[in-house]
Amino acid sequence: MSSDYNHDPSEDQRSLWSQEQNDLKKQLVLEDAVSFDAATLTGLKYVGGVDLSFPLGDHENAVACLIVMKMPDLQIVYKEFLHTKLHLPYISGFLAFREVEPLLKLINQLKSNKPEFYPQVILVDGNGLLHPRRFGIASHLGVLCQTPTVGVAKNFLVIPSEFDDMGSLKGKFKESLFRKGDDYKLVGAASGAVYGTALRTSNTATNPVFVSQGHLVSLETAIKIVLNTSPLYRIPEPIRAADLESRAYIRSNVLL
DNA sequence: GCGACAG
DNA sequence: ATCTTGTCGC
């Protein structure tokens, strides 16, 4: 009765998904190819944010939300929801296969209905490069919609082969991040590759946010964008708004 | 074999 | 991911 819903996919399934991630990764661009000045963010007018929320205890029904905010005032200029049924469970390392479809649908809908508000970069709730195969949902979504994306995760995704001692890592965050803007680069021990950074986005919130490149942006630019969209809280406004709005949507609608 | 595991 | 009240600090 406890293991009736053991969602562990077979090794074959994991292998197929991994292969798909590796295939799509061939299209991944990790340099700035943005429509604004990457160094100063001059010309950055619209930033998007996406997130999904679920009704209590419901793993199937979800409400996806896409928010577009105007810079530098961070006012919402576009907001759209999509109530969908997810077919796969959450599996660490394969989040995109569960959530990317409704997000892509919202983005394409915006592109055809209100192209004037199409964002120059989209902040995604989850990781990009900071991923076992260096292709998390932020990168996945970016490649599929061919738009710059940045991954922003609230929790550190363990990658055993690269970051063995999580205990000392958590300590490192606390002892190296003193104020907003401080960051601690996440370098894989085995490969020496930079996966992303633990970034402190608030002076009151001690815990950092984990920023990694999604698609078409450098890590430096990703950090600037996250800092510039987090004037008050730990979570960047576009993602925070998508989270708040999608939850409000669920609360005000009787689903099921 | 055990433990760890974005949302 | 999701539920919840108070409470501490500026």
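Quick note on labels: first sequence line is chain A, next is B, and so on, each numbered from 1.
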query = Taking A/Thr147 for the side chain and A/Gly142 for the main chain, is one N or O donor matched with an acceptor at less than 3.5 Å?
reply = no
Atom-to-atom span, CZ of A/Arg133 to C1' of B/dC5 - whole angstrom = 12 Å
ask   = Atom CG of A/Leu95 and atom P of C/dA1: how far apart are they, to the nearest Å?
value = 10 Å
message = Just to be sure I understand the rule, does A/Thr204 reach a base, reach only the sugar-phosphate, or reach nothing, if contact means heavy atoms closer than 4.0 Å?
response = nothing
task = Could you tell me the separation between the CG atom of A/Leu52 and the C1' atom of B/dA6, rounded to a whole number of Å?
result = 13 Å
inquiry  = Between A/Tyr195 and A/Phe156, is the ring centroid distance below 6.0 Å?
reply    = no
message = Need one value for A/Leu130: base, sugar-phosphate or nothing, where a base atom within 4.0 Å counts as base even if backbone is also close, heavy atoms only.
response = nothing
task = Look at the side chain of A/Ser230 and the backbone N and O of A/Leu227, then say whether any donor-acceptor pair between them is shorter than 3.5 Å.
result = no
key: Which nucleotides of DNA chain B pair, in dot-bracket form (Watson-Crick or G-U under 3.5 Å, | meaning another strand)   = .......
request  = For A/Gly93, answer base if it contacts any base atom (sugar-phosphate contacts may also be present), sugar-phosphate if it contacts only those atoms, and nothing otherwise; contact means non-hydrogen atoms under 4.0 Å.
outcome  = base
query = If you group Ile, Leu, Val, Met, Phe, Trp and Tyr by side-chain heavy-atom gaps below 4.5 Å, do A/Leu44 and A/Ile223 land in one group?
reply = yes
task = Check every atom of B/dA6, B/dC5, C/dA1 against the side chain of A/Val158 and return the nucleotide holding the closest atom.
result = B/dC5
Check: A/Ser212 side chain, A/Gly128 main-chain N or O, donor-acceptor pair, under 3.5 Å = yes
query = Between A/Asp51 and A/Arg240, is the closest basic N to carboxylate O distance under 4.0 Å?
reply = no
inquiry  = Whether A/Asn155 contacts B/dC5 is assessed here as follows: a side-chain N or O lying under 4.0 Å from the phosphate OP1 or OP2. Is that the case?
reply    = no
request  = Tell me which nucleotide among B/dG7, C/dT2, B/dA6 gets nearest to the side chain of A/Glu99.
outcome  = B/dG7
task = Identify whether any heavy atom of A/Phe94 sits under 4.0 Å from a base atom; if not, whether one sits that close to sugar-phosphate; answer base, sugar-phosphate or nothing.
result = base
request  = Give the rounded distance in Å between these two atoms: CG of A/Leu157 and C1' of B/dA6.
outcome  = 5 Å
task = State which of B/dA6, C/dA1, C/dT2 makes the closest approach to the side chain of A/Leu56.
result = C/dT2
ask   = Looking only at side-chain N and O atoms, does A/Ser53 come under 4.0 Å of OP1 or OP2 in C/dA1?
value = no
task = Verify whether one side chain among A/Asn22 and A/Lys25 offers a donor that lies under 3.5 Å from an acceptor in the other.
result = yes
query = Given atom CG of A/Leu103 and atom C1' of B/dA6, what is their separation to the nearest angstrom?
reply = 14 Å
Integer-rounded Å distance: C/dA1 P and A/Asp243 CG = 7 Å
query = With a non-hydrogen cut-off below 4.0 angstrom, is A/Phe54 in contact with a base, only sugar-phosphate, or nothing?
reply = sugar-phosphate
query = Starting at CD1 of A/Ile250 and ending at P of C/dC3, how long is that distance when rounded to a whole Å?
reply = 8 Å
ask   = OP1, OP2 of B/dG7 versus side-chain N and O of A/Lys154: anything below 4.0 Å?
value = yes
inquiry  = Measuring to OP1 and OP2 of C/dC3, would you say a side-chain N or O of A/Arg247 lies under 4.0 angstrom away?
reply    = yes
query = Take atom CD in A/Glu101; do more than 12 heavy atoms of anything else shown fall under 6.0 Å from it?
reply = no
Whole-Å gap separating P (C/dT2) and OH (A/Tyr90) = 14 Å
message = Classify A/Asp125 by what it touches in the nucleic acid, base, sugar-phosphate, or nothing, heavy-atom distance under 4.0 Å.
response = sugar-phosphate
